[in-house]
Novice: 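Please read through the structure below; I'll follow up with questions.
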Amino acid sequence: MSGTRGPSVRQRRLAAELRRLREGRRLTGDDVALRLDWSTAKVSRIENARTGAKIVDVRRLLDLYEVAGDRRDDLLALARDAEERGWWEDYRDLPRPLADFIALESEASAVREWGSTVFPGLLQTEAYARHVIGGWSELATLPPQELRRRVEVRMRRQGLLRGPRPLELSVVLDEAVLQRRIGDAEVMRAQLDRLCAFTELPNVTVQILPLGVAHSVLAETFIILEFSPVHDVVFNDIVHTESLTISHLAEESVTYMYRLAYTTLAGQALDPARSRQRIIEARDSW
């Protein structure tokens, strides 16, 4: 798969806002292209974040849409932010869907994850991650150097959980994940110890859904990414699903369905204190 960079959340926010402004002025893409002596394709690429919008182009669009004052300053600041490169762009061999997900995750303010198969990537030990990612060698060639880089990327992602503005992470885990062997017993004990340590962070909440409770929602692993407004421009939730392939879902009715599913799963799961005790018991069983 290609490692081509996908649009960042800031680029998507800017693109959506420029499109909204054009529509507010009752202009078509052809109208804008004609007035700025651009091609219609250029307008479309900017409004769909298929290309990074240059500051000079954003200024011309804001002039055309008669945007001034604080609003203009906010959008120009957003355009400057959108030009910043992400650390993951140094890993050119990342599959495009994975690079897109990391770009989204890096700008999320909160993540809610239902884990039905393995521990969340943000909470994995290096050894556990190596076994999970290495499993892909059964389906596709993954040279040792690429495996090393993929594990390195996963570990770097975990920096989101610490720092001055850490990501708020809420996780509901199927109890089967605690019992599913990945690697050997030592890998599992270390992973469960690591999970316990993460539960001590104020921004991390982990709940275990016991195997013995009645399950009303049967779903594969999914992640809901939430975004705070940046420069007063909002960006709606995105749902990330990952199994043998990766998908991103943005339609509001769909993301809302996943939010309801997460709320139901969290309501049926053990509270954080009892979940921590269940994690300790699982660790001791390995």
Side-chain angles (χ1 to χ4, degrees), residues 6-13 86-88 94-95 97-125 128-129 132-133 150 153-174 177 191 194-209 217 219-230 234-243 245-252 254-272 275-276 279:
S8 67
V9 172
R10 285 175 170 77
Q11 288 172 324
R12 295 178 198 222
R13 288 180 200 263
W87 60 262
W88 58 92
L94 281 182
L98 178 58
D100 286 351
F101 168 65
I102 296 172
L104 291 167
E105 181 186 65
S106 71
E107 296 188 42
S109 54
V111 166
R112 304 185 194 282
E113 178 164 352
W114 156 242
S116 63
T117 310
V118 297
F119 293 99
L122 288 173
L123 304 178
Q124 290 178 6
T125 65
Y128 187 92
V132 171
I133 297 171
R150 294 278 187 92
V153 166
R154 184 155 299 188
M155 294 301 103
R156 288 191 68 173
R157 284 173 49 204
Q158 296 179 3
L160 292 171
L161 296 176
R162 303 180 189 278
R165 290 188 300 174
L167 177 73
E168 180 196 331
L169 176 64
S170 301
V171 174
V172 179
L173 271 181
D174 193 311
V177 175
Q191 176 58 61
R194 173 90 159 190
L195 185 61
C196 273
F198 271 119
T199 62
E200 295 176 358
L201 295 179
N203 54 308
V204 176
T205 302
V206 177
Q207 293 179 258
I208 304 300
L209 182 63
V217 174
E220 297 294 326
T221 292
F222 63 83
I223 300 172
I224 304 171
L225 300 150
E226 302 173 6
F227 305 89
S228 298
V230 172
V234 299
F235 191 76
N236 293 332
D237 295 351
I238 287 185
V239 170
H240 167 89
T241 63
E242 184 174 340
S243 180
T245 58
I246 292 175
S247 298
H248 293 147
L249 311 168
E251 187 177 337
E252 189 172 4
V254 175
T255 60
Y256 183 63
M257 177 182 69
Y258 277 93
R259 181 174 291 279
L260 291 177
Y262 182 86
T263 300
T264 300
L265 290 163
Q268 294 173 340
L270 301 176
D271 63 39
S275 294
R276 181 181 169 82
I279 293 167

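Residue numbers start at 1 and run along the sequence shown. Keep in mind it's a predicted model, so treat the numbers as computed, not measured.
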Novice: Got a sec, which residues hit side chain to side chain contact (heavy atoms under 4.5 Å, CB included) with T264, two or more places apart in sequence or on another chain?
Specialist: S216, V217, Q268

Novice: Does any non-hydrogen side-chain atom of F119 lie less than 4.5 Å from one of V132?
Specialist: no

Novice: Nearest 0.5 angstrom please: E226 CD to R259 CZ, how far?
Specialist: 4.0 Å

Novice: Within the structure provided, determine whether I102 and L94 are in side-chain contact (heavy-atom separation under 4.5 Å).
Specialist: yes

Novice: Holding to salt bridge (Lys or Arg N to Asp or Glu O under 4.0 Å), I want the full list of residues that pass it with E251, two or more places apart in sequence or in another chain.
Specialist: none

Novice: Is it true that a side-chain atom of Y262 and a backbone atom of S170 form a donor plus acceptor pair closer than 3.5 Å?
Specialist: yes

Novice: What closest approach, in Å, do M155 and A129 show between heavy atoms, and which atom pair accounts for it?
Specialist: CE-CB, 4.0 Å

Novice: Backbone N or O of S228 within a donor-acceptor pair of the S109 side chain at under 3.5 Å?
Specialist: yes

Novice: So do R194 and L123 actually touch side chain to side chain, heavy atoms under 4.5 Å?
Specialist: no

Novice: Answer whether the closest heavy-atom distance between the side chains of E113 and H240 falls below 4.5 Å.
Specialist: no

Novice: How many angstroms lie between CE in M257 and CD in E252, if you round to the nearest 0.5 Å?
Specialist: 13.0 Å

Novice: How long is the straight-line distance from CH2 of W114 back to CD1 of I223, given to the nearest 0.5 Å?
Specialist: 13.0 Å

Novice: Run T221 and E242 through side chain to side chain contact (heavy atoms under 4.5 Å, CB included) and show every step you take.
Specialist: CA-CA 7 Å; T221 292; E242 184 174 340; 5.9 Å; no

Novice: Is the shortest heavy-atom distance from the side chain of L201 to the side chain of R162 under 4.5 Å?
Specialist: yes

Novice: Just so I know, are the side chains of L173 and L195 near enough to count as touching, which here means a heavy-atom distance under 4.5 Å?
Specialist: yes

Novice: In the structure I gave you, are the side-chain heavy atoms of L98 and W88 within less than 4.5 Å of one another anywhere?
Specialist: no

Novice: Are L122 and L167 packed together at the side-chain level, in the sense that at least one heavy-atom pair is separated by less than 4.5 angstrom?
Specialist: yes

Novice: Roughly how far, to the nearest 0.5 Å, is the CG atom of L260 from the CG atom of L265?
Specialist: 11.0 Å

Novice: Please give me the minimum heavy-atom distance between Q207 and S275, naming the atom from each residue.
Specialist: CA-OG, 3.3 Å

Novice: Work out which heavy atom in F222 is nearest to a heavy atom in A261; give both atom names and the distance.
Specialist: CZ-CB, 4.1 Å

Novice: Nearest 0.5 angstrom please: I133 CD1 to R154 CZ, how far?
Specialist: 4.0 Å

Novice: State, to 0.1 Å, how close P166 and N203 come at their nearest heavy-atom pair, and which atoms those are.
Specialist: CB-ND2, 3.5 Å

Novice: Rounded to the nearest 0.5 Å, what separation is found between the CD atom of E168 and the CG atom of L161?
Specialist: 11.0 Å

Novice: Where do F227 and E107 come nearest, in terms of heavy atoms and distance?
Specialist: CD2-O, 3.4 Å

Novice: What are the two closest non-hydrogen atoms of A269 and V172, and how far apart are they?
Specialist: CB-CG1, 4.0 Å

Novice: Can you check side chain to side chain contact (heavy atoms under 4.5 Å, CB included) on V206 and F198, steps first, answer last?
Specialist: CA-CA 9 Å; V206 177; F198 271 119; 5.8 Å; no

